[in-house]
Participant: 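Right, I'll just put the structure down here and ask away after.
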Amino acid sequence: MTCLSLIDVCKSYGSIHVLDGVSLAMERKEFIAFLGPSGSGKSTLLRIIAGLETADSGEVWLDGTRIDRLAPGDRGVALVFQQYALYPHMTVRENMAFGLRNAKVPANEITDRIETVAATLEIDRLLDRKPGQLSGGQRQRVAIGRAIVKAPKLFLLDEPLSNLDAALRNRTRVELSQLRQRVDASVIMVTHDQAEAMTLADRIVVMNDRRIQQIGTPMDIYSRPANRFVARFVGSPAMTMLPVSLDPTSGETAIVRFADGTKVATLVACDAIRDDQNIELGLRPESVTISAPGTGTLDGVAIIVERLGDRTLVYAQLADGSEITAVDRGDSMIRMGDRIGLLIDGASAHLFAQDGTGHHAGTPA
């Protein structure tokens with residue numbers, strides 16, 4: 001059942017266009033991440049849903065009610081700000097109770113809600129402290145708790161983990177993942193951190209250039225990117241893009257050729273790109289492995305070796321100056337400056353047409 005519907009939402013600030021015809025349908029109890037670079041419009045879209053910004057055109061519906069004409073407090077949403085926005089002169093208990101008191105919720109119900117939520121978030125021992133006495137992670141939990149006690153239909157999280165250090169961010173990410181299973185509401189989170197989006201979201205909405213570029217599950221976004229932007233933005237390290245041409249010997253699936261004549265057989269249906277002369281071969285790092293020089297698909301020179309323990313990432317330069325990222329064993333002996341072979345797994349390769357559209361193994365023509 002659809003919970004939230006955005007219909008052709010547009011927003012500009014003077015001559016600067018921020019959102020251009022954004023539409024989205026969100027299911028009940030779904031967790032969606034708005035992922036994109038700074039300036040892509042994701043935070044503006046969140047603020048329009050919350051009622052802190054007004055769309056120039058379009059509609060916002062929540063549980064069958066059009067809410068873009070309602071005051072923020074009447075929409076049934078709760079927003080957790082990036083900067084926590086806690087009242088410094090109030091205790092944790094008073095911060096959590098503030099919105100409920102304004103909504104005329106009975107005092108005994110306020111107490112029950114706060115105690116239940118505080119226990120869930122493990123901040124019950126902090127209820128009588130003020131924000132200045134809390135760590136960053138504790139303040140973030142209080143901000144989330146203040147939203148939960150309102151029992152909203154929709155939670156909006158604006159980069160909720162960006163102010164935390166790396167260790168605490170990872171722990172809080174796990175806590176958010178566990179918390180969402182216990183909260184009877186839908187969640188939208190804005191983030192520029194793809195690890196957060198991939199870990200927490202049921203679906204990811206990738207945004208760029210005022211528009212939604214792709215909507216899909218985390219693995220759909222990673223393994224079948226809709227276009228060149230999504231392919232390069234999602235995944236760390238980024239997908240390698242190499243110029244190739246379609247080989248005349250191609251049948252139902254594309255065989256591509258590098259400028260030096262080297263061929264790679266893919267499983268991408270080639271009908272959609274047969275007449276396109278400007279093709280790029282897209283390779284995730286795990287699609288390229290290290291071999292001895294002269295025994296791989298291509299040869300290159302290692303320019304950066306990144307040792308991660310369980311695996312080693314090797315950034316190599318090809319003869320034409322192009323760069324490619326490959327994976328080797330964790331105990332790799334490769335050193336910077338070594339000449340190496342690069343074995344390409346064409347079965348997992350992607351092809352991108354001149355207009356940037358992605359084509360993948362099994363993609364219908």
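Source: prediction; values computed, not measured.
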Participant: Could you walk me through whether Val314 and Ile304 pass side chain to side chain contact (heavy atoms under 4.5 Å, CB included), step by step?
Facilitator: CA-CA 6 Å; Val314 180; Ile304 299 175; over 6 Å; no
Participant: When rounded to the nearest 0.5 angstrom, what distance separates CE in Met219 from CZ in Arg224?
Facilitator: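 One gets 11.5 Å once the value is rounded to the nearest 0.5 Å.
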Participant: Answer yes if the side chains of Gln213 and Asn227 hold a donor-acceptor pair under 3.5 Å, and no otherwise.
Facilitator: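 Their side chains do contain a donor-acceptor pair, which is all the 3.5 Å distance test asks for.
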Participant: Report the C-alpha separation of Tyr315 and Glu306 in whole Å, then their side-chain angles, then the decisive distance to 0.1 Å, and conclude whether the side chain to side chain donor-acceptor pair (under 3.5 Å) test is met.
Facilitator: CA-CA 8 Å; Tyr315 301 81; Glu306 187 175 11; 2.9 Å; yes
Participant: Return yes if a side-chain donor-acceptor contact under 3.5 Å exists between Ser332 and Thr312, otherwise no.
Facilitator: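 Thr312 and Ser332 do not have a side-chain donor-acceptor pair below 3.5 Å.
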Participant: Look up atom CG in Asn108 and atom CZ in Arg113, then write down how far apart they are to the nearest 0.5 Å.
Facilitator: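 Answer rounded to 0.5 Å: 10.5 Å.
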Participant: Got a donor-acceptor contact below 3.5 angstrom from the Lys263 side chain to the Arg257 backbone?
Facilitator: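 No; zero donor-acceptor contacts below 3.5 Å.
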Participant: Looking at Arg75 and Ile49, would you say the former's side chain and the latter's main chain have a donor-acceptor pair under 3.5 Å?
Facilitator: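 Yes; judged by distance alone, with no hydrogens or angles, the pair exists.
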Participant: Can a donor-acceptor pair be found, under 3.5 Å and without considering hydrogens, that links the side chain of Glu280 to the backbone of Pro243?
Facilitator: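 Pair absent, no side-chain N/O of Glu280 close to backbone of Pro243.
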Participant: Listed by chain and number, what are the side chain to side chain donor-acceptor pair (under 3.5 Å) partners of Ser12, not counting sequence neighbours?
Facilitator: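 With sequence neighbours excluded, Ser12 shows a side chain to side chain donor-acceptor pair (under 3.5 Å) to His17, given in chain and number order.
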Participant: What's in the same ILVMFWY side-chain cluster as Met90, cut-off under 4.5 Å, chained through other members?
Facilitator: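 Tyr87, Phe98, which link up through side-chain heavy atoms under 4.5 Å apart, make up the rest of the cluster.
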Participant: Going from CE on Met241 to CZ on Phe352, what distance comes out if it is rounded to the nearest 0.5 angstrom?
Facilitator: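 Those atoms lie 4.0 Å apart.
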Participant: Mind checking the NE2-OG spacing from His360 to Ser348? Nearest 0.5 Å is all I need.
Facilitator: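 Reported value, rounded in 0.5 Å steps: 12.5 Å.
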Participant: Would you say Arg284's side chain and Thr240's backbone share a donor-acceptor pair under 3.5 angstrom?
Facilitator: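 Answer holds: no.
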Participant: Between Ser250 (side chain) and Asp247 (backbone), is there a donor-acceptor pair under 3.5 Å?
Facilitator: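 At least one qualifying donor-acceptor pair exists.
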Participant: Indicate whether any N or O donor in one side chain lies under 3.5 Å from an N or O acceptor in the other, for Ser322 and Asp320.
Facilitator: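 Yes, Asp320 and Ser322 have a side-chain donor paired with an acceptor closer than 3.5 Å.
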Participant: Is the backbone of Thr91 close enough, under 3.5 Å, to the side chain of Glu94 for a donor and an acceptor to pair up by distance?
Facilitator: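 At least one qualifying donor-acceptor pair exists.
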Participant: Only one of Asp299, Thr297, Ile290 forms a side-chain contact (heavy atoms from CB on, under 4.5 Å) with Leu342, so which one is it?
Facilitator: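 The residue from Asp299, Thr297, Ile290 that satisfies side-chain contact (heavy atoms from CB on, under 4.5 Å) with Leu342 turns out to be Ile290.
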Participant: Please report the interatomic distance NE2(His359) to CD1(Ile279), rounded to the nearest 0.5 Å.
Facilitator: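 Interatomic distance, His359 NE2 to Ile279 CD1, rounded to 0.5 Å: 9.0 Å.
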Participant: Give a yes or no on whether a salt bridge exists between Arg311 and Asp328, defined as a side-chain N under 4.0 angstrom from a carboxylate O.
Facilitator: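 Looking at Arg311 and Asp328, the cut-off is not met.
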Participant: Flag the pair Asp220 and Arg203 as a salt bridge only when some basic side-chain nitrogen lies within less than 4.0 angstrom of an acidic carboxylate oxygen.
Facilitator: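 Salt bridge flag = no for Arg203 with Asp220.
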Participant: What's the spacing between Ile204 CD1 and Ile215 CD1 if we round to 0.5 Å?
Facilitator: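 The distance works out to 11.5 Å.
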Participant: So Leu19 and Leu45, do their side chains get closer than 4.5 Å, heavy atoms only?
Facilitator: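 Counting from C-beta outward, Leu45 and Leu19 do come under 4.5 Å.
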Participant: Does the pair Asp63 and Arg28 meet the rule for a salt bridge (Lys or Arg N to Asp or Glu O under 4.0 Å), with working shown?
Facilitator: CA-CA 9 Å; Asp63 276 356; Arg28 190 177 305 281; 3.1 Å; yes
Participant: Can you tell if the side chain of Val305 reaches within under 4.5 Å of the side chain of Arg335, non-hydrogen atoms only?
Facilitator: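 Not in contact.
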Participant: Between Thr191 and Asp193, is there a donor-acceptor pair closer than 3.5 Å when you use the side chain of the first and the backbone of the second?
Facilitator: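 Present.
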